[in-house]
**Student:** 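The following block contains the structure, expressed as structure tokens.
Chain identifiers are assigned alphabetically (A, B, ...) following the order of the sequence lines, protein sequences preceding nucleic acid strands; residue numbering begins at 1 within each chain.
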Protein chains: 2
Amino acid sequence: MATDVLVAEPGATLAAIASAAGVSRTTLHSHYPTRQALLRAVAERAMRVCAEAISGAAEGGGDVLARVVAALVPVGAHLAFLWRNPSFDHDPELGARWLEIEGELRDVLEVAREEGSLSADLPDWWSVHALFALVYVASENIFLGRLAPLDAPGLVLATLTSRRDAIPARIGRPR
Amino acid sequence: MATDVLVAEPGATLAAIASAAGVSRTTLHSHYPTRQALLRAVAERAMRVCAEAISGAAEGGGDVLARVVAALVPVGAHLAFLWRNPSFDHDPELGARWLEIEGELRDVLEVAREEGSLSADLPDWWSVHALFALVYVASENIFLGRLAPLDAPGLVLATLTSRRDAIPARIGRPR
DNA sequence: TCGATCCTGAACACTCATGTTCAGAATGCT
DNA sequence: AGCATTCTGAACATGAGTGTTCAGGATCGA
């Protein structure tokens, strides 16, 4: 997938991206006329994936916070792509789309606060950013093999909420 | 400073970097013969700055955790440069240096655990990464004007330790 | 004032990613 | 088999960034 290559190397050649995607550079160009178009498409897809993860987790009752974290961890690569690509900071359209997504997550966190699973002491925007950052860190460590995918949501949750019961037993430091 | 330009735009032209630094491209080349040399130098400086912030905070008794967070927030731009530059992930020398820095922070956090200011439930490596990530988020929001520099350490601390007393009064959500 | 040092703008060659075109191969559908 | 669609490899032009050189200007101390 183009996302993976671009996460590892944002300046990757179109030739490299094409070969990683298993197609020729010519074919790549037929789909995305220009490099910018490709980056845009990847970014839009990444945002869609993230948005779906969030809205999917928003449905249903009970521990929303746990669900949204668990849903975001697997899409960490997309998060990383968006996050590590400063070019999008200056693109108004993508920037607006991202603000929407932050808004959706903020709504979810608001519900989590009402549920009592998230402290209401911190500013909502901060909780949103902290969650994204922690999810990113978790998925990075999964990628590096330091963290088991199933343990990741627990770590993020425990950090974000101080719920010690969320810490995966495999990982705790009881000593 | 070259760091600032490269944080905002990792693929920035040497001409752009030079003009941002207030020198001619020729002069830049005389200092750093090649682009790679420049990036290396910036990375090494960034790491040195971070390392000094950490070791500086390690000295002295009392709330080490608060000191190290407060010391790292101002160097967030350097953190951002290192973090957003995947090319360093593959450079063995710089990678080793970064592991050293993580180790230094880990030692500091170990002291914080003994002090009782940091929960001992989470794995040490996770605390290290979470701290870096939260500091980065804080400094990004400072840059964007959403967060007052003096409030940042409190937010990071509160998130990392659930110490509600660390939350800046200006920022809390008492309602 | 002289000399040393550093900086500067301009010019140049060179490499490399990009974007385009096209004829032919591969694939799939009827 | 015939046809349409898609993919492919190769070639090419172009532009941009890079690295180099050099003659001249600026700065500063002796």
Side-chain angles (χ1 to χ4, degrees), chain A residues 1-49 77-95 97-98 143, chain B residues 1-49 77-78 80-95 97 143:
Chain A
M1 188 58 57
T3 304
D4 301 319
V5 191
L6 286 169
V7 167
E9 199 67 49
T13 300
L14 289 187
I17 299 173
S19 91
V23 298
S24 75
R25 196 167 68 90
T26 310
T27 304
L28 188 62
H29 265 118
S30 77
H31 288 313
Y32 309 98
T34 154
R35 181 191 179 84
Q36 199 192 2
L38 170 63
L39 258 62
R40 247 198 120 69
V42 173
E44 280 165 5
R45 202 176 82 94
M47 289 194 184
R48 205 186 58 239
V49 168
H78 298 270
L79 229 43
F81 170 77
L82 293 171
W83 174 157
R84 292 182 96 156
N85 258 69
S87 48
F88 301 139
D89 299 352
H90 311 303
D91 183 315
E93 193 172 334
L94 290 176
R97 177 83 183 94
W98 183 248
F143 176 77
Chain B
M1 187 61 56
T3 303
D4 301 319
V5 191
L6 286 169
V7 167
E9 200 66 50
T13 299
L14 288 187
I17 298 173
S19 90
V23 298
S24 75
R25 196 167 68 91
T26 310
T27 304
L28 187 63
H29 265 117
S30 78
H31 289 313
Y32 309 98
T34 152
R35 179 191 182 85
Q36 198 191 2
L38 170 63
L39 285 171
R40 246 197 122 70
V42 173
E44 279 165 5
R45 201 175 82 94
M47 288 193 183
R48 203 186 61 239
V49 167
H78 299 269
F81 170 76
L82 294 170
W83 199 351
R84 294 182 97 157
N85 260 69
S87 49
F88 301 140
D89 300 350
H90 312 302
D91 183 313
E93 194 174 334
L94 290 177
R97 178 81 184 97
F143 177 77

**Student:** Is the phosphate of dC7(C), meaning OP1 or OP2, less than 4.0 Å from a side-chain N or O of Ser24(B)?
**Tutor:**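 So the side-chain polar atoms of Ser24(B) never come under 4.0 Å of the phosphate oxygens OP1 or OP2 of dC7(C).
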**Student:** Please name the pair of heavy atoms, one in Thr3(B) and one in Ala77(B), separated by the smallest distance, quoted to 0.1 Å.
**Tutor:**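 Looks like CG2-O, 4.1 Å.
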**Student:** Figure out the CG/C1' separation between Leu38(A) and dG19(C), and round it to whole Å.
**Tutor:**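 Distance, rounded to whole Å: 14 Å.
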**Student:** Between Leu38(B) and Leu14(B), is the side-chain contact (heavy atoms from CB on, under 4.5 Å) condition met? List the steps.
**Tutor:** CA-CA 9 Å; Leu38(B) 170 63; Leu14(B) 288 187; 4.0 Å; yes
**Student:** Mind calculating the distance between CD (Glu9(A)) and P (dA17(C)) to the nearest angstrom?
**Tutor:**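 Rounded to the whole Å, the gap is 12 Å.
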**Student:** May I ask you to say whether Glu44(A) pairs ionically with Arg48(A), meaning some side-chain N is under 4.0 Å from a carboxylate O?
**Tutor:**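 Salt bridge between Glu44(A) and Arg48(A), a charged N being under 4.0 Å from a carboxylate O: no.
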**Student:** Mind calculating the distance between CD (Gln36(B)) and C1' (dG19(D)) to the nearest angstrom?
**Tutor:**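 My rounded result for the distance is 14 Å.
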**Student:** Rounding to an integer number of Å, can you tell me how far Leu39(B) CG sits from dT18(D) P?
**Tutor:**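 Checked: the CG to P distance equals 10 Å.
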**Student:** Which listed nucleotide (dA10(C), dT8(D), dA11(D)) is nearest to the side chain of Arg25(A)?
**Tutor:**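 My answer, after comparing the listed nucleotides, is dA11(D).
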**Student:** How close do His90(A) and Pro92(A) get, counting heavy atoms only, and between which atoms?
**Tutor:**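 Between these two residues, the closest heavy atoms are O-CD, 3.2 Å.
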**Student:** Base, sugar-phosphate or nothing for Thr13(B)? Non-hydrogen atoms, less than 4.0 Å.
**Tutor:**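 Thr13(B): backbone/sugar contact only, no base atoms under 4.0 Å.
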**Student:** Using only side-chain N and O atoms of His29(B), determine if any of them is under 4.0 Å from OP1 or OP2 of dC7(C).
**Tutor:**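 It does not, given that no N or O in the side chain of His29(B) lies less than 4.0 Å from OP1 or OP2 of dC7(C).
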**Student:** Can you tell me which nucleotide in dT18(D), dT8(D), dT18(C) comes closest to the side chain of Thr27(A)?
**Tutor:**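 Nearest to the side chain of Thr27(A) among the choices is dT8(D).
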**Student:** Quick one: is Thr26(B) getting a side-chain N or O under 4.0 Å of the dG9(C) phosphate, OP1 or OP2?
**Tutor:**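 Checking dG9(C) against Thr26(B), no side-chain N or O comes under 4.0 Å of OP1 or OP2.
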**Student:** Rounded to whole Å, please give me the gap between CG in Leu28(B) and P in dT18(D).
**Tutor:**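 One finds 10 Å between P of dT18(D) and CG of Leu28(B), rounded.
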**Student:** Just compare dG19(D), dT8(C), dG19(C) and give me whichever is closest to any side-chain atom of Leu14(A).
**Tutor:**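 For Leu14(A), the side-chain atoms sit closest to dG19(C).
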